[in-house]
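The structure appears below as structure tokens.
Chain naming here is simple, since letters A, B, ... match the order of the sequence lines and numbering starts at 1 in each. Just so it is clear, the model here is predicted, and its values are computed rather than measured.
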Amino acid sequence: MSVADRVMELARRRGFFWISAELYGGVSGFLDFGPLGKLLKRKIEEKWRQWFIVKNQEFVVEIETPVITPYKVFEASGHVAHFTDYMVECLKCGRKFRADHLIEEQAGLTGLEGLSEAELSSIIRERGLKCPECAGPLGEVKRFNLLFQTTIGPYSESIGFARPEAAQGMFTTFSRVYNAMRNRLPLGIAQIGKVMRNEISPRQGPIRLREFTIMELELFYDPKDPKCPVLDRSEVLRIVPEDRVSKKLMEPIEVTVEEALKTGVVLSEWTAYFMVLAQKFIQDLGIPFEKQMFIAKLPQERAHYASQVYDQVVELEKWGWVEVSGHAFRTDYDLRGHMASSGEDLRVYKQLSSEVEVEDYEVRPVLEALKEDFGGEAGLVANALKMMPGARVLEELESKGFFEMGKFRVYRRHVELVKVKRKVKGRRFIPFVAEPSFGAERLVYAAMEHAFKEKEGRVILSLPPDIAPIEVAVFPLVNRNGLPEKAREVYKALKDRGLLVEYDDSGSIGRRYARADEVGVPLAVTVDHQTLEDDTVTIRSRDTWRQVRCSIQQLPDVIEAYVRRKVAIAPLKELIE
RNA sequence: GCGGCCGUCGUCUAGCCUGGAGGAGGACACCAGCCUCCCGAGCUGGCGACCCGGGUUCAAAUCCCGGCGGCCGCACCA
């Protein structure tokens with residue numbers, strides 16, 4: 001039995017998590033969290049909050065936005081068009097392929113994004129493309145959109161989607177939060193919440209889910225001022241950069257932040273900063289540095305919104321290197337799309353210390369061309385274009401052949417770019433965004449798997465003490481001579497301190513230690529006969545199985561320091577070393 | 001979604017091929033009690049399962065069909 005199977009078995013048996021709706025046979029891609037799992041997950045979320053929000057509270061705030069989101073938001077974000085896979089099946093051998101990938105490879109065509117299934121089908125027909133495996137004929141292209149769709153209100157035509165990421169909540173409400181935070185950049189907006197993706201065939205238990213908890217942060221900054229003032233450039237990143245990935249060299253290199261930025265291995269200082277934090281956060285969950293790394297995503301596998309993406313992966317016994325976080329450099333892609341679709345100006349204004357003369361490209365919409373291609377929405381596009389940064393429009397037209405604003409794709413003929421010199425007292429610009437994004441359920445599983453140990457045929461879940469779901473256990477050595485009563489008092493004292501405590505008096509003392517070890521209780525307190533004489537108890541360590549005596553009076557302080565702050569104070573110090 | 005294999009107490013399993021004798025057996029875990037007490041000890045008792053639906057049959061855990069779910073392979077994983 002693999003470690004993964006045994007972790008899953010433990011998870012079911014002891015109440016961490018299990019497949020949802022088991023009563024009716026279960027559904028893959030959905031998990032229930034039981035009492036211990038919920039506590040563990042909550043502690044992991046809280047730890048993320050500490051590392052990413054509380055630590056950076058000068059410029060990072062947490063918000064909450066709804067799961068159900070109107071159609072227009074995901075249309076503007078590009079998800080309706082891009083959060084889709086096109087599949088084509090071979091009619092002879094039944095193999096399935098990504099239609100766009102197949103066309104790219106066989107016909108050498110690029111820029112297929114945004115084509116409909118009918119258009120892709122006709123390309124396959126016209127060019128006579130065949131199955132790359134058996135040369136059989138190909139069927140019609142089918143489209144899978146991974147968004148969960150619903151209607152808002154009864155009998156309503158109003159389509160809503162469950163969000164596949166929390167990020168759009170941060171973008172759509174950016175102006176308000178920016179305002180509430182008194183118009184300062186950099187600004188981080190974070191959110192922990194449920195998201196849904198209608199995966200075609202989720203497997204791998206807790207690793208690929210259709211509904212899961214995302215922990216996400218959008219860091220908005222001035223593209224002209226990309227410095228991250230809190231970045232320590234001497235930190236080391238374990239990384240497989242893009243050029244190595246493309247050569248299939250998956251061995252990570254260890255580089256300092258300094259080098260990574262200098263060589264362009266990481267494009268944004270803010271991304272580098274969050275990558276450093278992510279490493280520390282994951283280590284803090286008990287996953288060692290050598291068991292984690294960052295892997296660059298190649299352009300064709302990146303999400304539609306991102307210019308550079310690093311996946312943070314951790315090594316799992318059964319599934320290999322599994323993504324636990326994504327670090328995307330989203331530039332101004334999202335805000336741009338929302339500006340075009342909503343017609344709102346989401347730029348920020350930054351006053352300059354004195355009036356200066358600047359040179360820039362002014363974007364002048366060509367209305368006739370826009371009307372031809374966008375019809376009634378031409379005005380919206382024109383309006384948005386006027387707010388776009390000219391240099392960036394030019395750059396993208398030259399490099400990609402088009403400039404994208406959400407659902408609108410603007411080509412050369414739609415705009416005139418005019419070089420202008422102007423005296424200004426301030427700048428208006430669309431902020432750039434660096435995004436770290438974590439999946440909570442995967443982290444719960446990864447933390448459990450890395451904590452899973454065996455000793456003398458017994459299971460020990462060696463979780464870091466500060467994420468252990470139960471923090472301390474209290475046992476009376478025997479159930480008589482007044483020991484249970486005394487043990488109840490100790491239990492209450494610890495509970496009153498706000499600790500998560502379990503009282504257990506059933507079975508032999510050895511069995512109780514074993515049960516506690518299995519769910520990762522770091523410390524167990526036993527009330528014995530000596531307790532009645534001198535008011536001391538034993539504290540037993542899950543990891544070393546050694547014991548020390550401690551006075552009941554000191555006990556809450558000692559336990560709390562260890563499980564909340566990971567500090568061993570006397571007499572626990574001698575026990576843990 | 002396709003193909004292969006599979007689905008019995010919480011877990012591991014016996015039984016299925018060859019339909020009946022079934023009140024579905026065992027082990028571990030769990031619960032209660034006794035005993036004992038510093039590492040899953042012992043004794044007694046208890047709870048607890050044939051994935052769902054249909055069919056064949058006098059009779060289905062067993063045979064057939066459909067569904068659901070799992071594992072593996074292919075594909076997919078923004």
Can you tell me which residue pairs pass the salt bridge (charged side-chain N to carboxylate O under 4.0 Å, His left out) test with a partner in residues 516-526 of chain A, sequence neighbours excluded? A/Arg13-A/Glu518, A/Arg14-A/Glu518, A/Arg458-A/Asp517, A/Asp517-A/Arg540
Can you tell me, in whole Å, how much space there is between the P of B/A61 and that of B/G53? 12 Å
N/O to N/O distances under 3.5 Å, protein versus nucleotides 66-71 of chain B:
| unit_1 | atom_1 | unit_2 | atom_2 | d |
| --- | --- | --- | --- | --- |
| B/G70 | OP1 | A/Ser28 | OG | 3.1 |

Residues that A/Leu209 engages under side chain to side chain contact (heavy atoms under 4.5 Å, CB included), provided they are two or more places apart: A/Leu31, A/Phe212, A/Glu441
Under the salt bridge (Lys or Arg N to Asp or Glu O under 4.0 Å) rule, collect the residues that match up with A/Lys455, sequence neighbours excluded. none
Which protein N or O atoms sit under 3.5 Å from an N or O of nucleotides 31-36 of chain B?
| unit_1 | atom_1 | unit_2 | atom_2 | d |
| --- | --- | --- | --- | --- |
| B/U36 | OP2 | A/Arg480 | NH1 | 2.8 |

Please identify each residue that fulfils ring pair (Phe, Tyr, Trp, His ring centres under 6.0 Å) with A/Phe33, with sequence neighbours left out. A/Phe17
Check RNA chain B against residues 209-220 of chain A and give the residues with a non-hydrogen atom under 4.0 Å, in numerical order. none
A/Arg512 has an atom CZ; how far is it from atom C1' of B/G40, in whole Å? 12 Å
Contacts of A/Lys38 that satisfy salt bridge (Lys or Arg N to Asp or Glu O under 4.0 Å) - sequence neighbours left out: none
In a table with atom names and distances, give each donor-acceptor pair under 3.5 Å that connects a side chain of residues 472-486 of chain A to protein atoms at least two apart or in another chain.
| unit_1 | atom_1 | unit_2 | atom_2 | d |
| --- | --- | --- | --- | --- |
| A/Asn479 | ND2 | A/Asp505 | O | 2.9 |
| A/Lys486 | NZ | A/Asp535 | OD1 | 3.0 |

Taking only residues two or more places apart in sequence or in another chain, which ones pass side chain to side chain contact (heavy atoms under 4.5 Å, CB included) with A/Ser541? A/Asp543, A/Thr544, A/Leu575, A/Ile576
Partners of A/Lys291 by salt bridge (Lys or Arg N to Asp or Glu O under 4.0 Å), sequence neighbours excluded? A/Glu315
Produce the list of close N/O pairs, under 3.5 Å, pairing protein atoms with atoms of nucleotides 5-7 of chain B; give distances to one decimal.
none

